[in-house]
Amino acid sequence: MDQVTFKSDTVLSDVHLLLPNACHLMKRLNGVGQPVFTSKFRILRDYNGKDSGCDSPVHENLEASNVLWDEDGDLDVVRRPRYSTCNRDAVCPIILSQSAVTLTDEDEDSEEEDGAHDMIKIEHTMATPLDDVGKQIWRGAFLLADFILAQTSMFKGTTVLELGAGTGLTSIVMATVAKMVYCTDVGEDLLNMCQRNVTLNRQHFEPQDADLEFCWTDAEVADLHDNTTFLIAADVCYDDDLTDALFRTLYRLSSNMRHPSTAYISIEKRLNFTLRHMDVACEAYDHFRHCLDQLHQLTDGKMNFTVEPVKISFSQFFQYERVDQLELWKVTAERL
């Protein structure tokens, strides 16, 4: 299998459509037979090692890539020679095995060498059915990761819970700043991929292995309730039932936490033509906004929720298209 097979229910991330990456090399099949790729995502920085600004993230990324500019400041594109003088072997995706790959010492040494301070490696799939979209990487995850890196002083030393972590990208970024990150999702196959990504990026932090795999210990539950002050969720509101479940979970968790908590939820407003409306609509986003309004207007005498949008004016640290449809929402919860 060297190509992705598309079916009627196949969902392909815009990240993969707009930013094809030469590092996308198929490694194996996961537990349900989907091709797994490993991609490298570089945190954009300028020459001085400072974080890139949001005014011209693409230009700064070109500078960091040693792109040449002519005397007028225009991009000097290097042309490929008409006739190649070297012989290159064709590179094709290769499936190693259907089970998880066991790294050899040589592989680990190679990964340590490649694991630069500003590089994050993520295993993911390119296209999945709707039920498995968590195995892909979405722009909402990049947006939330940007926000984390732009607000490191706010998250430093905190305990954070991510809901619907998917591949674990935002949890991994958060782990470079926070004291403790609980990375959660549903499904052993997805969690195995997420655990693998944590291991791939262990140079950024010290991962802690639980005694019981994919289970909560009493100590972890107590720590979650006693110390968590932030919750994050990246692009998880694409289905009304899941959105309802997310807000029920937010209420239940925040009402049982010792300290007031703040949730940051990223979402992309995806427009689709629907036969029911015979027009372009975004029903999943509309339902998300309805749930936000309900939470803000809640008067049960137990909890008070404040909902507000976050301005998307913070720096962009990852190379992706920050479209106008991307939004970030802040939900603050405190007990009455």
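None of these values were measured; they are calculated from a predicted model. Nothing fancy with the numbering, it's 1 onward along the sequence.
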#### Entry: Side chains of Ile122 and Ser39 in contact at under 4.5 Å (non-hydrogen atoms)
no
### Query
Are any of the side-chain heavy atoms of Thr262 and Val331 separated by less than 4.5 Å?
no
#### Entry: Distance-minimising heavy-atom pair for Lys121 and Asn201
O-ND2, 2.6 Å
### Query
Would you find more than 12 non-hydrogen atoms of other residues, nucleotides or ligands less than 6.0 Å from Arg258 atom CZ?
no
### Task
Determine whether the aromatic ring centres of Phe142 and Phe41 lie less than 6.0 Å apart.
yes
### Parallel, tilted or perpendicular: ring planes of Phe288 versus Trp329, cut at 30 and 60 degrees
perpendicular
### Task
State the OG-CG distance between Ser171 and Asn197, to the nearest 0.5 angstrom.
10.5 Å
### Which residues share a ring pair (Phe, Tyr, Trp, His ring centres under 6.0 Å) with Phe230, sequence neighbours left out
Phe155
## Note on the structure
In short, Glu327 meets Leu143 closest at the heavy-atom pair O-CD2, 3.6 Å
### Query
Tell me, do Leu144 and Tyr264 make a side-chain contact under 4.5 Å, heavy atoms counted?
yes
### Query
If every non-hydrogen atom of Ala178 is compared with every non-hydrogen atom of Val160, which pair is closest and at what distance?
CB-CG2, 4.0 Å
#### Entry: Interatomic distance, Tyr238 atom OH to Glu268 atom CD [nearest 0.5 angstrom]
14.0 Å
### Task
Step by step, work out the salt bridge (charged side-chain N to carboxylate O under 4.0 Å, His left out) result for Glu321 and Arg139.
CA-CA 8 Å; Glu321 187 179 13; Arg139 281 189 290 230; 3.7 Å; yes
#### Entry: Nearest non-hydrogen partners of Ala165 and Cys183, listed with the distance
CB-SG, 3.3 Å
### Message
Is there a side-chain contact between Ser254 and Phe305 in this structure, where contact means two heavy atoms from C-beta onward sitting under 4.5 Å apart?
### Response
yes
### Query
Any side-chain heavy atom of Leu169 within less than 4.5 Å of one from Trp138?
no
### Reference residue Leu163; test side-chain contact (heavy atoms from CB on, under 4.5 Å); the match among Leu250, Val236, Asp185
Leu250
#### Entry: Closest approach of Phe317 to Ala150 (non-hydrogen atoms, all atoms of both residues)
CE1-N, 3.7 Å
### Message
Let's go through Asp286 and Arg289 carefully: what are the C-alpha distance in whole Å and the side-chain angles of both, what is the deciding distance for salt bridge (charged side-chain N to carboxylate O under 4.0 Å, His left out) to 0.1 Å, and is it a yes or a no?
### Response
CA-CA 5 Å; Asp286 293 340; Arg289 290 297 304 272; over 6 Å; no
### Task
Quick one: pull up OG in Ser315 and CD1 in Ile43 and give me the separation to the nearest 0.5 Å.
12.5 Å
### Query
Roughly how far, to the nearest 0.5 Å, is the CE atom of Met174 from the OG1 atom of Thr152?
10.5 Å
### Sole residue of Val173, Val198, Ile120, Val177 in side-chain contact (heavy atoms from CB on, under 4.5 Å) with His204
Ile120
### Task
Starting from the C-alpha separation in whole Å, work towards a yes-or-no answer on side chain to side chain contact (heavy atoms under 4.5 Å, CB included) for His290 and Thr243.
CA-CA 10 Å; His290 173 70; Thr243 302; over 6 Å; no
### Task
Test His287 against Asp244 for side-chain hydrogen bond (donor to acceptor under 3.5 Å, both in side chains), laying out the working first.
CA-CA 9 Å; His287 187 71; Asp244 291 338; 2.7 Å; yes
### Query
Is Asp218 atom CG crowded by more than 12 heavy atoms from other residues, nucleotides or ligands, each under 6.0 Å away?
no
### Query
Would Asp189 and Lys135 pass as an ion pair if we require N to O under 4.0 Å?
yes
### Query
If two hydrophobic side chains count as joined below 4.5 Å and joins carry through other members, does Leu190 share a cluster with Ile137?
no
### Message
Is any side-chain heavy atom of Phe147 closer than 4.5 Å to one of Ile232?
### Response
no
### Message
Side chains of Tyr251 and Asn256: any donor to acceptor distance under 3.5 Å?
### Response
no
### Message
Here's a test for you: under side-chain contact (heavy atoms from CB on, under 4.5 Å), which of Thr159, Thr229, Leu231 qualifies with Met257?
### Response
Leu231
### Summary
Of all heavy-atom pairs linking Pro260 and Glu334, the shortest is CB-CB, 4.2 Å
### Message
Checking Arg322 against Asp146 for the salt bridge (charged side-chain N to carboxylate O under 4.0 Å, His left out) test, could you report, in this order, the C-alpha distance in whole Å, the side-chain angles of both residues, the deciding distance, and whether it holds?
### Response
CA-CA 11 Å; Arg322 189 181 280 188; Asp146 279 343; 2.8 Å; yes
### Message
Rounded at 0.5 Å granularity, tell me how far CD in Gln136 sits from CE in Met126.
### Response
9.0 Å
### Query
Taking the side chain as C-beta and beyond, is there a heavy-atom pair between Glu162 and Thr170 under 4.5 Å?
yes
### Task
Nearest 0.5 Å please: distance from the CG atom of Leu191 over to the OG1 atom of Thr184.
8.5 Å
#### Entry: Side chain to side chain, Asp223 and Met180, heavy atoms closer than 4.5 Å
yes
### Task
Using atom types as modelled and distance alone, determine if a side-chain donor or acceptor of Asn192 lies under 3.5 Å from a backbone N or O of Gln195.
no
### Query
Considering residues, nucleotides and ligands other than Glu188, do more than 12 of their heavy atoms fall under 6.0 Å from its CD?
no
